[in-house]
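What follows is a set of notes on a single structure, which appears directly below.
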There are 2 protein chains.
Amino acid sequence: MKDYDIYELGDVVLQSQKTLRNCQLAYKTYGKLNEAKDNVIIYPTWYSGQHYENEWLIGPGMALDPEEYFIIIPNMLGNGLSTSPSNTAAPYNASRFPNITAYDNVRVQHRLVTEKFGITKIKLVTGWSMGALQTYHWGCLYPDMVERILPFQGSAKCSRHNFVFLEGAKAALQADAAFKDGWYGDTKPDKGLRAFGRVYAGWGFSQTFYRQKLDIDTMGYASLEDFLVGFWEGLFLERDPNNLLTMLWTWQNGDISNNDVFKGDLKAALGAIKAKAVVMPASTDLYFPPEDNVLEVECMPNAELRVVDTVWGHFAGGPGTSPADIKVLDEALRELLAS
Amino acid sequence: MKDYDIYELGDVVLQSQKTLRNCQLAYKTYGKLNEAKDNVIIYPTWYSGQHYENEWLIGPGMALDPEEYFIIIPNMLGNGLSTSPSNTAAPYNASRFPNITAYDNVRVQHRLVTEKFGITKIKLVTGWSMGALQTYHWGCLYPDMVERILPFQGSAKCSRHNFVFLEGAKAALQADAAFKDGWYGDTKPDKGLRAFGRVYAGWGFSQTFYRQKLDIDTMGYASLEDFLVGFWEGLFLERDPNNLLTMLWTWQNGDISNNDVFKGDLKAALGAIKAKAVVMPASTDLYFPPEDNVLEVECMPNAELRVVDTVWGHFAGGPGTSPADIKVLDEALRELLAS
């Protein structure tokens, strides 16, 4: 049984000048929109994740408390629930699915929030990783609407190194002949998906995480190989390859200034963010190193950089993986919401 | 025309209890062995490299000066010149080529040095990356023979994270069906090799290297894609896949204590190194982070840790890539040799 809703967007013309016909935005809400419509939190999804994989940060007594806030999780285009290669009919199916930008994503999310719910003020936008990329977009595209942002372990623009890491994962997936340039139909390229997961494994957690054997001691895997298969191969085997590549393109081309509003001027786009911002990189993140955010925060008028001191690497803010880091994040969200 | 020599080792029984029949060690020497036989430097090769790819650190006026020293570069087993999958006849060819340890490598190198040249003292062993792994082995297996070691950007034991990075590269190569479990004959799995290179690309250089566009500004590539194809795909396309996997196994299973001498006691193996040691990690190395060496140096009786402050990541000590780091390394070698 479906635990989410669909917002029918009609035909959406993308930045690429292609059209997603009868485009659908899948979303889930938590809590109730109050009468003043001023208790809204937007919490976009991360790479390959779906709304339920964001839920670990929501709960009674947590900062994102559905008894207090109306929390909307919009599923990213391409993630398998919103319009995606895996659920689109010909001719824009499979490898012909158009490139989607984070700008495209946030524009349709804005339509949901305004057209469907009539919301004009957003208390907070927050998200992990690609969720942070969307958070930055919200901040600069709708500066008079968004009051607070807390992007964690993500950036406003994909760095060149981050781009390269993703090229490696992509090449591993596409090296599998069963991928068939995307025309694999019902027979997914399992070998390529498993390779994708193995490539990702070295990037997701830090050197020290592995040195301390937290895969075994904290996450409960029996061995390193058990972790590589059980966690990493498992994470991506259940995803659709064309969906993964759609979102990967979105990620690689993430740049809040790459649109008609800011015309490639990243500093201007960062400077346009009026929201009170707390930016939280993880000290050991291998693909969103704190340096990314240091440079960004310098250009943001109302932002604080708060580096999470952790050995969990990118997964400091991962879906419920690191209890200590969740607490730090939850506290920061609580503090920002109260300010 | 062949620019190296072959030492015939006869039948070599490996740690795996398999036998390399008519095993050959390819090596090249530079300079002359003096009468006292006390001017010897051993300089093992790095992952996938062959002797000529070590030569950037050798030259008149440099620390490794062939006018003063007798420098031996032994080619690693599996590197295509010494006995390797690519040059071994059935039945131990291709995927049946046995697993080789760094211990196996250094044992046959020791035979070359003692049997062929009658050398009893070694002034210095040095090497980059897997060359450093072999350097550590020389130090602990022949402590009364080796007077100095300078391992750079490498470790005495492959860390779990480093193991995982290599799993990713391996999985990318093997995802190509043309790999045929190693039985690809004369038709190499080009797609897999290119994917292998692309995975490697994110690891070889640091985030800051890419941020500063040193691939373009210093290395002279026209664009990031030019660098990925020209440097990274090019580097591995010319290698043999089974050779790459043989050396990858050697690397993943690198551990100076994994032998009858030290029986898995890493601290004892590190403690056995009598040589004066200067250990030089690179501050931004993503797979041999300085932390590896910090822990090692604590257990070594006569070692100094000297972190190279660089944005070049693992390639600080790469084959001639970073001029400033070469200078630092050359100076350290000169100083150590003079001490």
Side-chain angles (χ1 to χ4, degrees), chain A residues 159-179 189-216 223-225 227-229 232-233 252 284-292 295 311 313, chain B residues 159-179 189-216 223-225 227-229 232-233 252 284-292 295 311 313:
Chain A
S159 77
R160 294 173 90 241
H161 176 266
N162 195 327
F163 185 97
V164 171
F165 137 56
L166 293 168
E167 278 298 300
K170 185 174 84 176
L173 171 54
Q174 294 182 334
D176 186 348
F179 175 65
D190 274 15
K191 225 172 174 177
L193 285 168
R194 289 176 189 273
F196 190 93
R198 281 198 177 241
V199 171
Y200 226 112
W203 293 109
F205 296 88
S206 78
Q207 297 98 341
T208 310
F209 170 93
Y210 281 106
R211 183 187 310 285
Q212 295 183 356
K213 300 189 182 177
L214 299 184
D215 48 325
I216 296 174
S223 64
L224 183 54
E225 181 63 16
F227 182 57
L228 292 177
V229 177
W232 284 107
E233 295 188 5
Q252 284 188 313
T284 50
D285 195 322
L286 288 171
Y287 46 95
F288 290 109
E291 194 182 350
D292 282 342
L295 300 171
V311 302
Chain B
S159 77
R160 294 173 90 242
H161 176 266
N162 195 327
F163 185 98
V164 171
F165 138 56
L166 294 168
E167 278 298 300
K170 184 174 84 177
L173 171 55
Q174 294 182 333
D176 185 349
F179 175 65
D190 274 14
K191 225 172 173 176
L193 284 169
R194 288 175 189 273
F196 190 93
R198 282 198 177 239
V199 171
Y200 227 112
W203 292 109
F205 296 88
S206 79
Q207 298 97 342
T208 309
F209 169 92
Y210 282 106
R211 183 187 310 284
Q212 296 183 355
K213 301 189 182 178
L214 299 185
D215 48 326
I216 295 175
S223 65
L224 184 54
E225 182 63 16
F227 182 57
L228 293 177
V229 177
W232 283 108
E233 295 189 6
Q252 286 188 312
T284 50
D285 195 323
L286 288 171
Y287 47 94
F288 290 109
E291 193 183 351
D292 282 343
L295 301 170
V311 302

Next on the checklist: At a 4.5 Å cut-off on heavy atoms, which part of B:Leu286 comes close to chain A: side chain, backbone, both, or neither?
Outcome noted: both
Checklist outcome for this item: Cut-off 4.5 Å, heavy atoms of chain A, and the answer for B:Leu228 is side chain
Grab the two heavy atoms, one from [X] and one from [Y], that are nearest each other, plus how far apart they are.
X	Y	answer
B:Gln212	B:Val311	OE1-CG2, 3.9 Å
A:Ile216	A:Leu224	CD1-N, 4.4 Å
A:Thr284	A:Gly313	OG1-N, 3.0 Å

Which one of [options] has the most heavy-atom pairs closer than 4.5 Å to chain B?
options	answer
A:Gly197, A:Gly192, A:Gly202	A:Gly202
A:Trp203, A:Phe165, A:Phe205, A:Tyr200	A:Trp203
A:Arg198, A:Lys170, A:Arg211, A:Lys213	A:Arg211

Item to check | From A:Leu173 atom CG to A:Leu193 atom CG, the distance as rounded to the nearest 0.5 Å | outcome: 5.5 Å
Tell me, out of [options], who's got the most heavy-atom pairs with chain A below 4.5 Å.
options	result
B:Ala175, B:Ala169, B:Ala171	B:Ala175
B:Asn162, B:Asp190, B:Thr208	B:Thr208
B:Ser159, B:Ser206, B:Ala172	B:Ala172

Item to check | Side-chain donor or acceptor of A:Gln174 paired with backbone N/O of A:Phe179 under 3.5 Å | outcome: no
Checklist entry - Short question: side chain of B:Arg160, backbone of A:Tyr210 - any donor-acceptor pair under 3.5 Å? => result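 Here the side-chain-to-backbone pair exists.
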Checklist entry - By a 4.5 Å heavy-atom criterion (distance strictly below it), what part of A:Leu166 contacts chain B: side chain, backbone, both, or neither? => result neither
Item to check | Aromatic ring pairing B:Trp232/B:Phe227, orientation class (parallel under 30°, perpendicular over 60°, tilted between) | outcome: perpendicular
